[in-house]
S.K.: 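Just dropping this structure here.
Everything numeric in this text was worked out from a predicted model, so none of it was measured. Remember, it's 1-based here, ligands and their atoms both numbered in the order they're listed.
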Amino acid sequence: MVIQLRKVLISDEVDQKCVEILQKNGIEVTKNTKLSKDELLRIIPEYDGLIVRSATKVTSDVIEAGKNLKIIGRAGTGVDNIDAEAATKNGVIVMNTPGGNTLSAAEHTCTLIIALTRNLGAASMSMKEGKWDRKKFMGSELYGKTLAIIGLGRIGKEVALRMQAFGMKTIGFDPLVKPEECAAWDTEWLSLDDIWPQADYITVHTPLIPQTKHLLNDTTFAKCKKGVRVVNCARGGIIEEAALLRALESGQCAGAGLDVFVEEPPKDYTLAKHPNVVATPHLGASTVEAQTRVAEDIAQQFVDLVQGKSLFGA
Ligand code: NAD
Ligand code: MLT
């Protein structure tokens, strides 16, 4: 398939490499990261390509207003901010850059697990307040503990490999990954019902879809070990926020590492402010390396399309 792309709009903070690659290949680029929804709706008919990260919500009205729109590119993994159904209906291709930020998201997940187990957030805050409190922040070792990974795809696998270096036993569940496949990277495939009572730590690495929404809820928290710690560096809502708060309050959950929230930025900071929560504002992919990679990848995928090479995305 060959597609003519004359003008591309980049409406989110995407690395400059993206602009350079597109321009080098004769594509005119406008980068404007400050557009209101109304402004976007007004100018989108001028463009035949749109590149976003996560701030721009590419809703059906944007797609319908984009009379010349042929392709929407997401410099990142999840395409939750793009109405893919409306795009398909209007014949607009949606592409993402799976893999470009895998290592950064995996490293951030490991950072949250480590921060949780040694109370890094709270201990650091207390020193900033001029306190030297050694008793309050007794931690626990990761060595010998069981880490459950729900979603054994790109990021889940990299998390397993890294946390095994700390001596953690890794178990996991994924309906699309075969037990032999994850056994090859020393992770035992178990059903969710077998996972809950075994896990000391649970980290989720699935898309947010009806089957994964509220995967951790009051019922599943109750099946876990008392004091389980949980991490969500995937999508807000896979762990039900109200249930998590209840589990933290009761001590059923000893700590949570959260990079993503149902609402971003959250209107309600109760979870983020909880003393047993380490929270970051969706920073999983926020590294120089990941942002360079996804910017280069999406630009190259646009160029490949213009040159009639094969399409890519997941
Ligand atoms: P991936 O597609 O490689 O892996 C996701 C896995 O989830 C797949 O193997 C799939 O089979 C599995 N899955 C689907 N439904 C499931 C279910 N019901 N139970 C268990 N597993 C299920 O994706 P990835 O690149 O590893 O990304 C994982 C998540 O991380 C996505 O939600 C992505 O948007 C998010 N992400 C977040 C950041 C961040 O900045 N925090 C960065 C990158 C990706
Ligand atoms: C993604 O889906 O790639 C992540 O949410 C990272 C991001 O773009 O911020």
S.K.: Which residue supplies the protein heavy atom nearest to atom 32 (O) of ligand 1, what is that atom called, and how far is it?
M.R.: Thr206 O, 2.8 Å

S.K.: Step through the shown structure and confirm whether more than 12 heavy atoms of other residues, nucleotides or ligands are within 6.0 Å of NZ on Lys89.
M.R.: no

S.K.: When you look for protein heavy atoms under 4.0 Å from ligand 2, which residues do they belong to?
M.R.: Arg53, Arg74, Gly76, Thr77, Gly78, Asn101, Arg235, His282, Ala285

S.K.: Within less than 4.0 angstrom of ligand 1, does Ile209 place any heavy atom?
M.R.: yes

S.K.: Count the heavy atoms belonging to other residues, nucleotides or ligands that lie under 6.0 Å from NZ of Lys31, then report whether that count exceeds 12.
M.R.: yes

S.K.: Numbering the atoms of ligand 1 from 1, which are under 4.0 Å from a heavy atom of Leu176?
M.R.: 11 (O)

S.K.: Going by an N to O cut-off under 4.0 Å, is there a salt bridge joining Glu46 and Lys7?
M.R.: yes

S.K.: Consider side-chain hydrogen bond (donor to acceptor under 3.5 Å, both in side chains). Of Lys57, Arg235, Arg74, which one does Asp80 pass it with?
M.R.: Arg235

S.K.: Hey, are the side chains of Thr203 and Met163 touching, using non-hydrogen atoms and a 4.5 Å cut-off?
M.R.: no

S.K.: Name the option, out of Gly236, Ala234, Gly100, that contains the heavy atom nearest to atom 35 (C) of ligand 1.
M.R.: Ala234

S.K.: Using a strict 4.0 Å cut-off to heavy atoms of Gly78, name the atoms of ligand 1 that fall inside it.
M.R.: 34 (O)

S.K.: Just wondering, do Phe302 and Ile71 contact through their side chains at under 4.5 Å, heavy atoms?
M.R.: yes

S.K.: Assess the side chains of Thr30 and Asn32: does a donor N or O sit below 3.5 Å from an acceptor N or O?
M.R.: no

S.K.: Among all protein heavy atoms, pick out the one at the shortest distance from atom 11 (O) of ligand 1; state its residue, atom name and that distance to 0.1 Å.
M.R.: Asp174 OD1, 2.7 Å

S.K.: Which atoms of ligand 1 have any heavy atom of Gly151 under 4.0 Å away?
M.R.: 7 (O), 20 (C), 21 (N)

S.K.: Give the residue and atom name of whichever protein heavy atom lies nearest to atom 42 (C) of ligand 1, and the separation in Å to one decimal.
M.R.: Ala105 CB, 3.6 Å

S.K.: Would you mind checking if Glu158 and Arg162 are paired as a salt bridge, meaning a charged N to carboxylate O distance below 4.0 Å?
M.R.: yes

S.K.: With no hydrogens and no angle check, just 3.5 Å: does a side-chain donor-acceptor pair link His282 and Ser54?
M.R.: no

S.K.: With a 4.5 Å heavy-atom cut-off, do Lys169 and Gln198 have their side chains touching?
M.R.: yes

S.K.: With side chains defined as the heavy atoms from C-beta onward, is the minimum distance between Leu258 and Leu244 less than 4.5 Å?
M.R.: yes

S.K.: Strictly by ring pair (Phe, Tyr, Trp, His ring centres under 6.0 Å), give each pair with a member in residues 123-155 just once, sequence neighbours left out.
M.R.: none

S.K.: I'd like to know if Asp259 contacts ligand 1, where contact means a heavy-atom distance under 4.0 Å to any ligand atom.
M.R.: yes

S.K.: With heavy atoms of Cys233 as the reference, note each atom of ligand 1 found under 4.0 Å away.
M.R.: 37 (C), 38 (C), 39 (C), 41 (N)

S.K.: Among protein heavy atoms, which sits nearest to atom 26 (O) of ligand 1, and what does the distance come to when rounded to 0.1 Å?
M.R.: Ile155 N, 2.9 Å

S.K.: Among all protein non-hydrogen atoms, which one is nearest to atom 33 (C) of ligand 1, and what is the separation to 0.1 Å?
M.R.: Thr77 CG2, 4.1 Å

S.K.: So, do Leu147 and Gln164 sit near enough that their side-chain heavy atoms are less than 4.5 Å apart?
M.R.: no

S.K.: Any ion pair linking Glu180 and Lys178 (charged N to carboxylate O, less than 4.0 Å)?
M.R.: no

S.K.: In terms of residue, atom name and distance, what is the protein heavy atom nearest to atom 16 (C) of ligand 1?
M.R.: Pro175 CD, 3.6 Å

S.K.: Say whether Pro98 and ligand 1 are in contact under the criterion: heavy-atom distance to a ligand atom below 4.0 Å.
M.R.: no

S.K.: Going through the distances and angles, do Thr59 and Asp61 end up as a side-chain hydrogen bond (donor to acceptor under 3.5 Å, both in side chains)?
M.R.: CA-CA 6 Å; Thr59 46; Asp61 48 348; 2.5 Å; yes

S.K.: Near His282, which atoms of ligand 1 are under 4.0 Å from a heavy atom of that residue?
M.R.: 39 (C), 40 (O), 41 (N)

S.K.: Identify, for atom 19 (N) of ligand 1, the protein heavy atom at the shortest distance, and state residue, atom and that distance.
M.R.: Phe173 CE2, 3.4 Å

S.K.: Does an N or O anywhere in Thr102 fall below 3.5 Å from an N or O of ligand 1?
M.R.: no

S.K.: Polar-atom distance check: Val260 versus ligand 1, any N or O pair below 3.5 Å?
M.R.: no

S.K.: Closest non-hydrogen protein atom to atom 4 (O) of ligand 1, residue and atom name please, with distance?
M.R.: Gly153 CA, 3.4 Å

